[in-house]
Amino acid sequence: MDYNFREIEQKWLAYWKINGTYKTVIDKNKLKYYVLDMFPYPSGSGLHVGHPLGYIASDIFSRYKRLKGFNVLHPMGYDAYGLPAEQYAIQTGQHPSVTTKKNIARYREQLDKIGFCYDWDREIRTCEPDYYKWTQWAFIQMFNSYYCNDLKKARPISELIKAFELQGTKDLNIASTVDLQFDAEEWKSKTVKEQQEVLLNYRIAYLADLKVNWCTALGTVLANDEVSEGVSVRGGYQVEQRIMRQWSLRVSAYAQRLLDGLNTVDWTDSLKETQKNWIGRSEGAEIKFHLTPALSKGDGADQNSTFDQSRNEKNPHFYTTNKLDWGLLHDHAKAMRSEPTEAESNLWEMLRGNKTGYKFRRQHQIDKFIPDFVCLEKKLIVEVDGENHSSDEQIELDKARTNILEELGYRIIRFSNEDVKLLPQIIIEKIKVELSKTESLFNKTIVQNAVPLSFQEGQGDLIEVFTTRADTIYGVTFMVLAPESELVKQLTTSEKAAEVENYITATKKRTERERIADRKVSGVFSGSYAINPVSGTEIPIWISDYVLAGYGTGAIMAVPAHDSRDYAFAKHFNLPIIPLIEGCDISNESLDAKEGIMINSGFLNGLTVKVANEKAKKYIVENEIGNVKVNFRLRDAIFSRQRYWGEPFPVYYIDEMPYMLDESKLPLELPEIDKFLPTEKGEPPLGRAKNWQTEDGYPLEFCTMPGFAGSSAYYLRYMEPKNDKELVSREANQYWRNVDLYIGGTEHASGHLVYSRFWNKFLFDLGLICEDEPFKKLVNQGMIQGRSNFVYRVKDRNTFVSLNLKNQFETTAIHVDVNIVSNDILDIEKFKNWNPDYKEAEFILEDGKYHCGWAVEKMSKSMYNVVNPDDIVEKYGADTLRLYEMFLGPLEQSKPWDTNGIDGVHRFLKRLWSLFYKDENFLVSNETPTADELKILHKTIKKITFDIENFSYNTSVSAFMICVNELFSLKSSKRAILEPLVILLAPFAPHIAEELYHVLGNDNSVCDASFPICNEDYLIESAIKYPISFNGKVRFMIELPAEMSKEEVEKAAMENELTLKQLEGKKPKKVIVVQGKIVNIVI
RNA sequence: GCCCGGAUGGUGGAAUGGUAGACACGAAGGACUUAAAAUCCUUUGGCUUCACGGCUGUGCGGGUUCAAGUCCCGCUUCGGGUACCA
């Protein structure tokens, strides 16, 4: 009887189906094990031979765990929403649900042939209403939650509303889009609409105006991970930046937890690394740079000011302090001015607006002080003292202050609060008298040109920057704003307005792609300056597109000596470069390394970079120049898609504010529409749906959810796919908990695996599920590459020349379908029929054969190198396919598919079969196995067990081959050996294993057998073949008893005549004996 | 640029610091057969030798070690990820 794989496989596939062999139920007597595949998007082209690789690997592990006594959950489903089906619908008018159903049916048919142990009763499809009901439900929960940074978890938004009513934003530490400040009264005075708008700033699912990746060709917004190098990942269409009002998920709030969680999961280092990079945590400081007050720098500068005299330009007229102090005190002055005492307020009313005949300023900085009122023209200061000015200590301080101010040429008059309140008119008169005592300092003509600015005018604001290199603060020679920064408008001086405008328009025109491709330095000077808060130097503020608006604060402090981008910019615009590291050479490039000894850095001089950085940060915090901050690269996930084929949002609008549907209204089903295109008004396709509104007539959301929505919590739904009350019941979740083994491709490292971990953590915060991380262990299978074949056409002729003769002609290489090539030999007849053009083709052969060339390329239709698993199953059977996929090489490694090698594993199965049958005779006996046979078996058990646990399936297939080859050469067909072997093989080749298991007389399924256990006793060797090496080179072997001691081995080796021959009479310097392993003689 | 993987026969690949090339494919030779398929047996890294054997050999150059494909340092090169992330 021959190995008839077709018959066998069909028989057992039917048996498994009828007997529900793979049906899984909760069984608390057994330990659970959850094995999950990344579910596929059912594309129109069906599965190729690369797709099942991971599925086979997970299937082997599932079956192995089951044989080990675990209750294994191993489900499968479809990621059924997606762009390709909709693009196809646009082209053909076919409803995406129709094509999706068709594709799923095709996938299922292909998967079924391979003999997977999926519990198909648990199948899910993300496009089915009873599935996406829970996607919508989760979205509602996110809308109704905010993230508390103190508790580090999501909390109900109702708590936040209560807090706002009681205390406003005071003392709250909440993840938000922008930092808002308001008190309880302000909150209560807001309209409902305003309150809703404010709440969006905190909700985990929120609507906001954001800069998004807009893809015109696809007519939709895309998430960051759906865009690569400025084009869409799917389709490769151009993507541009736009501001749009979009739904987003506050993933960024979870950044730190997403990072921390990586330490608790068993993933490969490279995958964890990718996630770490994507989250992009950087520790640094946010530093405030105040702007230089924009005074006219005309003649008539005040020579008595403490302004930096070393500068060549003339000092501006109204500087009354130095820039460093101005920067430090600026905020303080502003704050004082906004909260005046009653007396100050009264007096100001009488002084303001030239009521005295002269201009007064209040809380204007002079040197290190902020006097209450000052008339600069007459250098007269008016102070109003409160109660605390009566203390001795205060009197001393006031005196010191008066002295300094008087030295600067100011006269000071003081009044008490009481005086101002009771005798306002008398005080005004006194002030007028004082004013008349001195000459005006101002040359009238200059005053007309050089108009001083008061505090609130102009750009009296500040720029905040984020830096990881606070230690380089002394090397800042300019600042750069992102062109999109809101500060640009404020900072641009009138002279520079046109230039800046031009630059920004030009930048906007450039697509992301152009920016990346053409990385030439560009930028424009804003006309404004800022003051370095540590060194006090004045630095110009530039605008350039090398600074990103979306990261940090959208502004940087540029340290050209130690940042290559800043360096390029400084060189291009001829800006100063100050080296900060001892001995660094910055004549040609910057020194970006974070090591060395600081120079040119004031109080940081002589310190190492690391120490200096810490010291600088401490200084910044202590002097209130800024604060220490952690920044993340991870952005919130944009969650709206202007497309049809996705989950509808459970959202309606009142007065343009979003509200959630009641949970009882879920699922909100995707409506039918006439065309899958945007409306004439440019609204998303759902704008075409009739009656797309609530029962009360409020309009529903037009956008749908993105592809990752449905795949973010699908692993939970498999636990209880038919529960219509909950996403998953507590009971089912407590039992199955999370995925023990997740297998899939690396392409999901930054998308799906971040989103689903976020989604999972959110549900965990709500107490709905019991595990913080969804996927305990994750294995990435490598890509299966294609192996293309080529034929060589002689130029201008319909003649093809075989590979090794092609150099004699001028030829063109043409891809040829790998399915009509075998072992690189072309099937000429099939080739002629393959394409009508080749019907009459002629061939130049070698040895009567046409040899094709080959190359490893991506597996794709256009390369004609796609191999369909159906064809392999048809020709060799599913067991051969499974074994061969595993035999190709290590699971995680990319490798080319070459059908050539498949005969080897097929032969192996036939040889295994031949241990059972010869012609019509059943060979299996009940004889007691020999020690040799037992050794072969147990060696194999040991190896296979180890290999499965380590996902080294290619070596397990080899081990099976070795085992069968050895049994074959012993002509051994004993039940005691073959039965465990069959069970051992069952995870890999379930059909043939099931057949042989039954042939051996078992009635139950091999799936429910017990995995054999290695008995080390059978592996003990009585003799060991010692390799004898000289200076590390093995010369010969000697066989010695295993129990021989080190000394005896050495003696035996030294006495051997071959050793004597090798030594040639010389005395060995040293003899190393590794017992049971090797002998090395050093001469 | 940065990060992460690789590099071993004609091919896919194997090798807890201890006999490099297991296991397969392919190729060559042979057996069986009218023939083919299937199956079985032998050989198969390179160079050299009639042979025993010898020399050489895991991308390149150093190093550690009794012993290195494996560990360390410096390169070359291929693949993947990521990007003006401050």
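Looking only at distances, no side-chain donor or acceptor of A/Asn1031 sits under 3.5 Å from a matching main-chain atom of A/Val1082.
For B/G9, the base adopts the syn conformation, since its glycosidic angle falls within 90 degrees of zero.
Among the heavy atoms of the strands lying under 4.0 Å from A/Ile962 are primed sugar atoms or P, OP1, OP2 only; no base atom is included. Counting any heavy atom pair closer than 4.0 Å across all strands shown, A/Met783 reaches no nucleic acid atom. No engagement by A/Asp566 is indicated, since no non-hydrogen atom pair under 4.0 Å with the nucleic acid exists. At the heavy-atom level, A/Phe632 lies nowhere under 4.0 Å from the strands shown. At the heavy-atom level, A/Thr268 lies nowhere under 4.0 Å from the strands shown. Residue contacts shown for A/Arg787 are absent, as no nucleic acid heavy atom lies under 4.0 Å away. Residue contacts shown for A/Ser270 are limited to sugar-phosphate atoms, with no base heavy atom under 4.0 Å away. When heavy atoms are screened at a 4.0 angstrom cut-off, A/Arg281 is found touching no nucleic acid atom at all.
Proximity of A/Lys1033 to the phosphate of B/A67: no side-chain N or O atom is located under 4.0 Å from OP1 or OP2. Using a 4.0 Å cut-off, no side-chain N or O of A/Asn954 falls inside it from OP1 or OP2 of B/G13. At B/G80, none of the side-chain N or O atoms of A/Ser894 fall inside 4.0 Å of OP1 or OP2 (strictly under the cut-off).
Which of B/A83, B/C23, B/G12 sits closest to the side chain of A/Ser958 comes down to B/C23.
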Intra- and inter-strand pairs of RNA chain B in dot-bracket (Watson-Crick or G-U wobble, both distances under 3.5 Å; | for another strand): (((((((..(((.....[....)))((((((.......))))))((((....))))..(((((..]....))))))))))))....
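A heavy atom closer than 4.0 Å to some atom of RNA chain B occurs in A/Lys1070, A/Ile1072, A/Val1074, A/Lys1077, A/Ile1078, A/Asn1080, these being the qualifying members of residues 1069-1080 of chain A.
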